[in-house]
Every structure is written in structure tokens, then in C-alpha cells.
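Questions regarding the structure given below will be posed in turn.
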Amino acid sequence: MAAVTERLVGTAPRTRSESGVWSWITTVDHKRIGILYLVTSLCFFFIGGLEAFLMRLQLATPDAHVVSEVVFNELFTMHGLTMIFLAIMPMSIGFINYMVPLQIGARDVAFPRLNALSYWLFLAGGLVLNSGWLLGGAANAGWYNYAPINIGQHVINGVSTNLNPGPDSMGITFYAIGLQLAGIGTLMSGVNFIVTIVNMRAPGMTPMRLPLFVWTTLITSVLIIFAFPAFTADLFLLTLDRLFGTGFFNVAQGGDVLLWQQLFWIFGHPEVYILIMPAFGIISEVIPTYSRKTIFGYSSMVFAIVAIAFLAFMVWSHHMFTVGMGPLVNSVFAATSMVIAVPTGVKIFNWIATMIGGRIRMTTSMLFAVGFLVCFVIGGMSGVMLAVPPADYQFNDSYFLVAHIHYVLIGGALFALFAGIYYWFPKISGRMLDEHLGKWSFWLIFIGFNVTFFPMHFLGVEGMPRRVASYPANLDLRLWNAVATFGVFILTAGLIVFLANLRKSLRSGQAAGADPWDGRGLEWSIPSPAPEYNFAAVPLVRGRDPLWVEKTYGDGHMIPYVPGGAAPEAEAGGHGHAAAEGHGEGGPGGEGHGAGHGHGIHMPNPTPLPFYLAIALTVAAYGTIFKVPEIMVLGLLGTFFFVFRLIYDHDPGHHVLPEEDAG
Amino acid sequence: MIEPSHSGEFGAPRGTYHEATPAENNKLGIWLWLASDCALFASLIATYLSLHGQTLAGPGPKQLFDLRITVTATFVLLCSSMTMGMGLEAAQRCDYRGVLRWLIPTAVLGLAFVGMQVFEFTHYVLQGLTLQVSDFGASFFTLVGFHGLHVSFGVAWITSLLIYVFRKKRVDQADAWRFEAVSLYWYFVDVVWVVIFTVVYLMGKVG
Ligand code: HEM
Ligand SMILES: [Cu+2]
């Protein structure tokens, strides 16, 4: 078995024969789908950033008129939606896609085609949502889109008036349909990741040996599959209200405006943990690597992740303290909210304890991780302040809240994602990012972020409400608004340096090699970028931080798993050729354990079906938005046609021969 | 070579290593999807419970509901669960004729259920209950109709499976998961119906 003993190290040449657009459209490779997610989310991130930039220009001075009030409403709404649903969440999903199979020693996710479908639906949803800008107005009622504004009504002096009629209010239809599409994609990702992690781990990768990024992915996915349905239902009711004249959120028909809020936040609070959990995971990978220590308190980390996810479902009403639920309900939700800070604190202390006594390398990635610790703690503390109902009556809907969400979302999630970019970019692209430019980008982003958002705490306490297009000069809000806008310029400079860094690295970056950071996990045991089949031989996992274990006790290379017991203590199980019978959603695997069977590793074939399905559903979406029943029905029929094609399409797959790499 | 230590930290895998087959992945995937669908139905049921008192100018549950037709529909759906169970058993035995014998009635019973629902809905609309007239109407039609769509999708799924085996003229062991998946879905839809029957119809008539 020659192939079994081969050692794959170094930077591999691109093994993919095809690289045209069609190969990306038909790909089912988790790594390519991950790259699609990462690139798309970065594009949406810059669109969302542009929207923010315009808002800050408007708010830099009192009584400014950079944009109209109408456009300002669209800007803050679309900014929030873009950042949450189209930038941060998909960027996490991109890393999950690329890294989780590598980290657990798998050759792909459980359902490669479903994975492609998730991506195309996310893209379709993002495009439908944004197409509102061109087709009759973008969403304009805030990212949480409260009733009854979302059905086009505003209550003024107790009289309900329709301020948002006609084409103007189209935006919210785009919201309802676009987010529904993207949400379906996310839901399928959640299912896919859970099955992958539960079923496809390499031999020896027991639950308590999983890298923490894998644990956070698992729990994030659980949050997704239980939280998203509430939003799906909410959006469904909204669609009925707007297009079919039901009155779920319309008091005149017996509706309940709080119903929207309840369902929204039952989803919404778990959603913020869906945003932050993968970030926790990235930080738990980055800090040990650059501290050259195993993570401190692994089991308490796992426990904390699970506890946070559990509690995340019991705190949603802390977003509704001021709607009048009464002191008892408010107190209960205040208590549960504050309890969440405990497991979160456990994590923070574990990260710090991991660094203590470690041999720390302050790379750009590590800088972002430390920046995360600082900013996330600030955001967590303002969160606990917001969780005190009497105080929340003051903070609610003010710039204090804006400061909170940005400290947890930028200083938290985004900084962690940047740490992830600097950490994993060499694995994904095969090239190093420039550390010098990287440090510049970190400091500019870190300083710019704090200069922009820290003053918002003051503005909030001084009473400046969020979501106002302007403020009068006599309110003394000038100074801190000007400072905040100034900060945005620093932040933008940092982002431009980051882009320059990406460009430089992709053109002339230094080759990364398999393991540039002296890494600990399985992803560093294979070439960069990872070959199509990931692992030439399924690795045998002998401990937590599997590669590190081999570096310490072995010869620094993963031992290939040999069914039948050549490897110590490993027993041949019911592994087998059944997997080669991969009907329908056949994942990769099967006979490829040792890759030594002579006919290579079994991999799924590319297919355009997921792409076609997403197009059909998009057609149905536009048919619904513009109330053209024929088109809607046509799109739905197409959707079902492709669903059944996917269920019954037999994918024979193909076999890849791992490259014979001398070494 | 290996220093034995507690299994979480270090050591070769114990026990047998079993690589999951695609069929096992598919089944776990279906379970998760249904778990998620449970949450979706829970949201709609909660919506119904919070709005069903709002009958406004439209008719209310007491005067509308005719338990005879719903009890019949319930009976039909429960029977289809039984035939589905027999069909699954036949599939696991790779019994081609048995699959046809039991799954065709399942699809027909499902279709009958949907037909009764269409009949019921038309009846209500004629009596003045519409999506727009009151939130009782809106939440009723949404919840029950959403379930009806689930049954319809199930019928389409069973039909597609019948066409699939009909073209092969046999049932293979490798196809067993397809039947397990569709039957899981079918049982799930039935259980949800029992909840809806209780919460909407029984409580609507009595409560
Ligand atoms: C210690 C943990 C946390 C606590 C106690 C907490 C508490 C709160 C409270 C009480 C509010 C509502 C304030 C109001 O509407 O008046 C809020 C808003 C918010 N929080 Fe947190 N939070 C915590 C962590 C997080 C994290 C980790 C994230 C996301 C990564 C997050 C994201 C948000 C967002 C996006 C909002 C604003 C929602 C809106 O648009 O109104 N929070 N938080
Ligand atoms: Cu919350």
C-alpha cells in the first residue's frame, strides 16, 4: 500500500482540471462552496459598509441633507439586514464549509448537493432583497421590521394612517420573500452540518476531541434548525398580510402587532448567537495556536457553548421590555438574560487562561483575537446593562443600543472572522497574507471601530434615538457625532489596507506550505490549498489537537487509518462498500479508506441541479412579489421538478487518484 | 508507542469505527428537518391560539365546525398511516408487489384527506369565513391549510416513489431508506394532524 504511507506536505498545485464559471456553478465540493460563501459575503459586507458610510456622512453634522429621510430609512434597514444575513452569517458558514470537514477528517459534508443548494438560495435571497433598490424601493422598516409599519401603517396621535402605501412599501415585500429564500438555505446548511459532524468524523475523533470550532458549528446548527422556523412562520404571515389581505398584524382585522415581535425575537435572540457562536469557535482555534498551548478548560468550553445555546431560547423578551409586558415577565427575562453572561464569562476566562504562560506570537490573527476579547467584553457589559429593565426604559431604541450591538457584532463577530481570515487564508489560497500590512489593517480597524462606536454610548445616554435621519443643532449632540463619523474614515482606511493585502497576496504572496502556523488541527496536516479529496488517507485521530499529538508523540504526520487493525487498538468496523452505493445524495467516502484500492477515492460528481432549483424558486419569488400567479405557479412547478430530480438522480460519482507525492 | 491516558486526551480509538452510509446520513437529515418543521408548526399553532378568538363579523368555530367530516378525515389519515407501515415493511422485505399493494392505497387515502379538506374549506368560505374577514379565519386557514400542503407534498412524494419502483419493477435493499424517509414524514404529518384536530376542532367545538 504505497499510497498509504505517502506524506503530503507542501503547497500543492491546483489539482482541479476545470476552473471556468460553469465549474463553480456546478460544484459540490465543500471547499469551493466555502470559497463562494466567503467571497459573496465579503462583497455584501462592502455593500453594507457603503450604506453605513452614507448614514454616518448624514449624521456627521446636525440638520444635514446628504440623503432624504426616505432613503435614510432604507439605508439603516438594508445595512442591518445586509450585515447580519448577508455578510456575517454567510462568512461564518463559508469558514464552516471549508474547515469543518477538514477538521473532522472527512472528505466532504454529508449532503454535497444540498450544500450547493444552500449557497444558491442564500445568493438568490440576497439578490432578491437588494433588488428592491431598483424595483420599487428597498425595505425601510428596520431590520426587525415591526408591525404595523411592516404592513404599511403608522399610528400618529392614536389615528392609524397609511404612510407607506403603493410602490414605496414594496421594500417590505422584498424583505419577506428575500429573507425567506435565504432562510431556507440557512436551514439546510444547519441540517447538513449536524449530520456531517455526527456521522462523518474520522476514526478516533470522539465528541470530546472535536475542535471547538466544530463544537460551535454543531451548536450553531442546532440553534439554526430550531430558531429559523419561527422567522419562517413570521415571514409567511407577513407575506399573507401584504399580498392576500389577511390581518395577522392588523388590529382592524383582530390582529396582534405584538405577535410579529414575539415570533421575531424568538428567532432574533438565538440569531445573535448564531452570529457569535462560530466567532467563539474561531477564537478558540486561534488563541491556542498562537499561544502554543492547548485550550484551557476544554470541557468547560463545551459546556459553556451548550449552556449559552440553551439559554438563548429563554431570553427573547429582553428585546421587548418596553412594550408593557409587566414587571413580572420583565424580571424573569432580565434574570435569564443576565444568567447568559455567566457561561460567556467562563469562555472569556478560559481564553485568557490559555494565553497565560503560553509562548505568544502576536500575528495579525492573534491581534484580532485579542481585540475581540477587549471589545466583546465591553459589548457584553453593555448587554448586561440593557438587561436591567428600568435602565432599558432609558437605553431602548437609543444610540446606547447601537453601541452595544456594534461592540458584539463588529468587535465580537467581525473581529473573530478577521482573525479567521488571517489564520485560514493560507490554507484556503495556499498563500500567506502580508503580516506588515495585516498589522496596519488591524490597528486602523481597531482604533477606527472604537472611535466610531464608543462615543455612541454617550450619545445614547444623552438621549439621541436610533434610526433618526437628523438631529437639530441645539441638542448638544454635535461633538460625539462628528467624532463617530471621523472614526469611520479610520475604519475605512483599515478595510482598504485589508483589501490591498488580499490583492497583494493573491498576486505575489509567499507560498504557505501545509502548516505555516505550526498548527494543531487536522486541517494543517494536508497541503494548502486542500486537494479535492482532502485526505489521501483517512487519518487516525489519537487525541485532541490531533496534529499536535503527532508532533509530540509521533513523527509529526498523521497516521493513516487502516481498516483491519494495522493501527494500534483500532478495530475494523462495519465500514464498507455499502457507501459506494451512493444513490441520490451520496456523500464521498466508501472504499477510499486507504486510497490504496487502486481505483482511488470516490467523490461526488458536479451537477447544475441545485443551481437550477434555486433559479426556479427565485422565479416563484418574483412571481409572488409582483403578484403574477402564473409566474409563481410556474416557478413552484419548476422547483418541485428539480426537487424530485435531485431526490432520484443517481450520482455514480467519480474516482480520484491521490497524487503520488514523493516525500 | 501510545501512552495510555484517559480517552478524551490521548489514545487510539476504542471500539469499532463505522463510517456512516449515505442512507444513514439521509435518515438523520430527515429527522432533523422534521424537528425543525415541528418548530414551524408550533409557531403557527401559537399564532392560531393567540388569534382564534378574533371572529369579528365572520362566523366562529362553534357554528362552523362539523365534527363528522373532520372525524372522517382523521380516520382516513390514520388508516393511511397503517397502510404506510405495511408498505414500509414490504419495502424492507424487498417485496415489490407488497409495496404497490400498500403504498397505492396510502397515496389514495392521502388524496382523499386533501379532497375532504378542500370540500371543508369551500363549505366555510360559502358560510362567510375567509382569510380576510377575521383573524380567526386567517389563522385557521393558514394553520390547517399549511398542514394540508404537507399532506399534498407527502402524496406527491409517495407517488414519485411508486413511479420510481414501478420503472425498476423491483425494490432493492439499497432503496429501503427511501421508504423509511417517506414514512417518517408521513407519520410526522399524521401526528401533527392529531394535535391540530385536538387544538383546533375539539377545543373549538367544546371550548
Ligand atoms: C452578555 C450577553 C448579552 C446580553 C445580556 C445582551 C442583552 C441585550 C438586550 C437586553 C438587548 C435589547 C436592548 C433594547 O432593545 O433595549 C440587546 C440588543 C441586541 N443585542 Fe445583545 N446582549 C448580549 C450579547 C449579545 C451578543 C453576543 C450579540 C450578537 C453577537 C448581541 C446582539 C444584539 C443585537 C443585534 C441587539 C439589537 C437588536 C435591535 O436591533 O434592537 N447581544 N442585547
Ligand atoms: Cu437578545
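First the proteins, then the strands, lettered A, B, ... as listed; each starts at 1.
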* Asked: Side chain, backbone, both or neither: which part of A:V198 has a non-hydrogen atom closer than 4.5 Å to chain B?
  ->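 Interface part for A:V198: side chain.
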* Asked: When you look at A:F228 and A:E271, which way does the side-chain contact (heavy atoms from CB on, under 4.5 Å) test go after all the steps?
  -> CA-CA 8 Å; A:F228 263 76; A:E271 166 67 15; 3.5 Å; yes
* To do: Against chain B, label A:F644 side chain, backbone, both or neither, depending on which of its atoms sit under 4.5 Å from a heavy atom there.
  =>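 Side chain only.
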* To do: Tell me, for A:L237 versus chain B, whether the close heavy atoms (under 4.5 Å) come from the side chain, the backbone, both or neither.
  =>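 Contact with chain B involves the side chain of A:L237 alone.
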* Asked: So which of A:S299, A:P546, A:S221, A:G245 has the largest heavy-atom pair count under 4.5 angstrom toward chain B?
  ->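 Greatest number of close heavy-atom pairs with chain B: A:G245.
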* Say whether, by atom type as modelled, one donor and one acceptor occur between the side chain of A:H557 and the main chain of A:E550 under 3.5 angstrom. =>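 It does not hold such a pair.
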* **Verdict with reasoning, A:F111 to B:N26, per side-chain contact (heavy atoms from CB on, under 4.5 Å)** => CA-CA 8 Å; A:F111 309 115; B:N26 290 337; 3.1 Å; yes
* Which portion of A:A252 sits near chain B, non-hydrogen atoms under 4.5 angstrom ->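 Looking at A:A252, just its backbone touches chain B.
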* Asked: Going by heavy atoms in the side chains, are A:M603 and A:V28 under 4.5 Å from each other?
  ->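 They are not in side-chain contact.
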* Relative to chain A, which segment of B:L56 carries a heavy atom at a distance below 4.5 Å: side chain, backbone, both, or neither? ->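 Side chain only.
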* Asked: How are the rings of A:F313 and A:F226 set to each other: parallel, tilted or perpendicular (split at 30° and 60°)?
  ->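 A:F313 and A:F226: perpendicular rings.
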* Applying a criterion of heavy atom separation less than 4.5 Å, what residues of residues 110-117 of chain B form contacts with chain A? ->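 So far as heavy atoms go, nothing in residues 110-117 of chain B approaches chain A to under 4.5 Å.
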* To do: Could you have a look at B:G58, B:S43, B:S36 and say which one has the most heavy-atom pairs with chain A under 4.5 angstrom?
  =>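 So the answer, after comparing B:G58, B:S43, B:S36, is B:S36.
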* For chain A, which residues from residues 131-141 of chain B have at least one heavy atom closer than 4.5 Å to it? ->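 Expected list: B:L131, B:Q132, B:S134, B:D135, B:A138, B:S139.
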* Asked: What part of B:S160 is in contact with chain A, defined as an atom under 4.5 angstrom from a non-hydrogen atom: side chain, backbone, both or neither?
  ->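 Answer is both: backbone and side chain atoms of B:S160 are under 4.5 Å from chain A.
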* Taking B:F41, B:W33, B:W157 one by one, which has the highest count of heavy-atom pairs under 4.5 Å against chain A? ->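 The answer is B:W157.
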* To do: If the plane angle is over 60° it's perpendicular, under 30° parallel, otherwise tilted; pick one for B:Y201 and B:F65.
  =>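 If you compare the ring of B:Y201 with that of B:F65, the planes turn out tilted.
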* To do: Measure distances from A:L187 to the heavy atoms of chain B and classify the residue's part below 4.5 Å as side chain, backbone, both or neither.
  =>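 The answer is the side chain of A:L187.
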* Is it the backbone or the side chain of B:A181 that comes under 4.5 Å from a heavy atom of chain A, or both, or neither? ->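 Nothing of B:A181, per the 4.5 Å heavy-atom cut-off to chain A.
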* To do: Could you label the plane-to-plane angle of the B:F188 and B:Y185 rings as parallel, tilted or perpendicular, counting under 30° as parallel and over 60° as perpendicular?
  =>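 Rings of B:F188 and B:Y185: tilted, as their planes differ by 30° to 60°.
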* Residue pair B:E180 / B:K27: nearest heavy atoms and the distance that separates them ->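 Answer, listing the atom of B:E180 first, then B:K27: OE1-NZ, 2.7 Å.
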* Specify whether A:F249 and A:W260 have parallel, tilted or perpendicular ring planes, treating 30° as the upper limit for parallel and 60° as the lower limit for perpendicular. =>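 The rings of A:F249 and A:W260 stand perpendicular, inter-plane angle above 60°.
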* Under a 4.5 Å heavy-atom cut-off, does chain B meet the side chain of A:F231, its backbone, both or neither? ->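 No part of it gets close to chain B.
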* Asked: Any luck finding a side-chain donor-acceptor pair between B:H150 and B:D37 under 3.5 Å?
  ->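 The answer is yes; a qualifying pair exists.
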* Asked: Do B:Q54 and A:Q253 have a side chain donor and acceptor closer than 3.5 Å?
  ->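 Not at all, the side chains of B:Q54 and A:Q253 share no donor-acceptor pair under 3.5 Å.
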* To do: Could you tell me whether the side chain of B:F121 reaches within less than 4.5 Å of the side chain of B:V144, counting heavy atoms only?
  =>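 B:V144 reaches B:F121 side chain to side chain.
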* **Cation over ring face, A:R544 and A:Y298, 6.0 Å, 45°** =>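 Ring-cation test returns yes.
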* With side chains defined as the heavy atoms from C-beta onward, is the minimum distance between B:D95 and B:V171 less than 4.5 Å? ->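 Contact flag for B:D95/B:V171 side chains = no.
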* Asked: Salt bridge between B:R170 and B:D172, side-chain N to carboxylate O under 4.0 Å?
  ->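 Salt bridge flag = yes for B:D172 with B:R170.
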